[in-house]
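Since the structure is predicted, the reported quantities are computational estimates derived from the model, not experimental observations. First the proteins, then the strands, lettered A, B, ... as listed; each starts at 1.
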There are 2 protein chains.
Amino acid sequence: MQNFFQIDTGSPLKTKVLTSALCLFVEKGYYNTSIPDLVQHSGVSTGTIYKHFGDKQGLANSLMELLVEELYRQELAVIAAQDTTQARYRALVMWIVEFSLDYPEVMSFILYARHKNYLPNFSHICSSKPFMILRDIIQQGMASQEVRPMDVMIAVSLAFGSVLRMVQLHLDGVLEKPLMAYVDELTETAWCAIANPHKTIVKQ
Amino acid sequence: MQNFFQIDTGSPLKTKVLTSALCLFVEKGYYNTSIPDLVQHSGVSTGTIYKHFGDKQGLANSLMELLVEELYRQELAVIAAQDTTQARYRALVMWIVEFSLDYPEVMSFILYARHKNYLPNFSHICSSKPFMILRDIIQQGMASQEVRPMDVMIAVSLAFGSVLRMVQLHLDGVLEKPLMAYVDELTETAWCAIANPHKTIVKQ
DNA sequence: GTCTATACTCAGATAGAC
DNA sequence: GTCTATCTGAGTATAGAC
């Protein structure tokens with residue numbers, strides 16, 4: 001967890017604070033983390049934190065922005081390594097699942113990082129780049145006729161909504177088997193639901 | 001919204017407080033709602049609130065419990081009116097969608113009512129009755145062979161996960177068309193993905 | 001630029017009158 | 001049972017020394 005992402009800011013102090021913030025927000029939540037908590041955890045003083053981030057909200061915003069950027073970067077890398085939509089879909093799902101297994105608390109934080117309770121005024125993550133890229137992948141697949149013609153948001157919901165629900169069930173401890181045990185059947189079924197049958201058959 | 005559910009407690013004061021709590025928690029969130037806020041909104045005094053609910057957390061727990069019970073009750077009514085799994089699935093989806101349209105803030109509250117940020121120590125809603133009933137429906141469908149044999153959690157994720165994702169996209173304002181415009185195609189496709197083809201064809 | 005010390009606000013909770 | 005008045009402490013944010 002500790003070095004799950006390397007925050008790239010000029011200042012080493014900023015990095016220390018943001019790393020602590022991620023750690024504490026993920027562990028206890030935004031509202032249950034006080035500035036003194038952050039001071040103690042990061043070893044950076046109150047004054048410095050305020051100088052760099054303005055206020056607590058500003059700190060949370062900076063953190064969220066960096067987190068979203070990092071996710072986006074990782075997704076791009078995953079996608080770049082594949083050359084068909086189906087392969088990209090599978091690779092993205094694997095990435096989501098592995099991420100959820102490696103950093104369950106962070107994943108939970110991302111999935112629920114919304115609403116006035118968390119980060120007031122922070123734009124919804126669903127409309128942010130890491131989520132929108134999923135839509136783009138499906139849309140490209142439709143253009144290349146790997147995915148059959150249908151409303152793109154419906155296809156996205158089927159393909160990724162089902163996976164994210166499974167991840168949430170896993171995070172809630174509801175699943176009997178390990179998360180990984182469900183992935184193949186789930187992605188296979190979801191893909192069939194949105195794939196262009198001609199293209200799929202041809203590929204076999 | 002105001003009377004979206006009638007809280008049934010012996011005490012009218014309790015009811016007033018819980019109604020205000022739902023209203024304010026949904027609007028501003030748990031941590032952004034103070035006891036004085038509740039006093040003003042409900043017209044009930046600080047002392048009385050504490051006598052009835054112990055503390056703020058206790059109030060939130062009571063509210064959540066009642067909310068979950070009410071959702072469960074509504075789901076049972078929806079299910080009881082149908083006699084096949086497919087019909088029940090469609091009716092449940094319609095109920096979810098209509099609920100989301102009527103009370104978007106409440107729906108948002110339910111979907112994100114988790115995590116330490118919200119209601120610390122409140123058991124996850126995903127493992128609560130309103131969510132578990134969705135699994136039961138699918139499981140029954142599998143027993144009656146309307147749903148083809150597969151892992152039940154995978155079927156649930158496909159059937160309802162996709163719908164809930166769509167609802168979230170709607171709540172995030174990402175969808176171009178009204179939510180209702182997606183429902184038929186989505187449920188049709190999702191159902192096909194999990195339905196037993198023999199049974200389905202027979203029904204046509 | 002960074003830290004320490006401190007001010008100020010206000011939320012959560014209680015005591016005790018009625 | 002209900003309300004008013006009050007306490008206490010936590011937490012955000014700032015001022016100013018270094």
Note to self: Side chain of B/Asp55, heavy atoms from C-beta onward: which of C/dA13, D/dT12, D/dT2 has the nearest atom to it?
What the structure shows: C/dA13
Check: Distance check: side-chain N/O of A/Thr48 vs OP1/OP2 of C/dC3, anything under 4.0 Å?
Finding: yes
Next item on the list: Check the distance between D/dA10's C1' and A/Gln40's CD and give it to me in whole angstrom.
Entry: 15 Å
Next item on the list: Quickly work out the B/Asn32 CG to C/dC10 P distance and round it to whole Å.
Entry: 14 Å
Checklist line | Distance, rounded to the nearest Å, where A/Leu59 contributes CG and D/dT12 contributes P | finding: 11 Å
Check: Is there a side-chain polar atom (N or O) of A/His52 under 4.0 Å from OP1 or OP2 of C/dT2?
Finding: yes
Check: Is the closest basic N to carboxylate O distance between A/Glu188 and A/Arg90 below 4.0 Å?
Finding: yes
Checklist line | For atom NZ of B/Lys14 and atom P of D/dG1, their distance in whole Å | finding: 10 Å
Checklist line | Nucleotide D/dT4, atom C1' - distance to CD1 of B/Ile49 in whole Å | finding: 14 Å
Margin query: Whole angstroms only, please: what is the CG-P distance between A/Leu38 and D/dA10?
Written below: 17 Å
Notebook entry, point to check: Sub-3.5 Å donor-acceptor pair from the side chain of B/Tyr182 to the main-chain atoms of A/Ile154, do we have one?
Noted result: no
Checklist line | For atom CD1 of A/Ile35 and atom P of D/dG11, their distance in whole Å | finding: 10 Å
Notebook entry, point to check: Which nucleotide in the set C/dA11, D/dC3, D/dG11 lies at the smallest distance from any side-chain heavy atom of A/Ser34?
Noted result: D/dG11
Check: Just checking, is any N or O donor in the side chain of A/Asn61 or A/Gln57 under 3.5 Å from an acceptor N or O on the other one?
Finding: yes
Check: So which heavy atom on B/Trp191 is nearest to which on B/Glu146, and how close?
Finding: CZ2-O, 4.1 Å
Notebook entry, point to check: Is there a side-chain polar atom (N or O) of B/Ser45 under 4.0 Å from OP1 or OP2 of D/dC3?
Noted result: yes
Checklist line | Value in whole Å for how far the C1' atom of C/dG1 lies from NZ of A/Lys16 | finding: 13 Å
Check: For D/dG1, does either OP1 or OP2 sit under 4.0 Å from a side-chain N or O belonging to B/Lys51?
Finding: no
Next item on the list: Indicate the ring-plane relationship of B/Phe25 and B/Tyr30, choosing parallel, tilted or perpendicular according to the 30° and 60° boundaries.
Entry: perpendicular
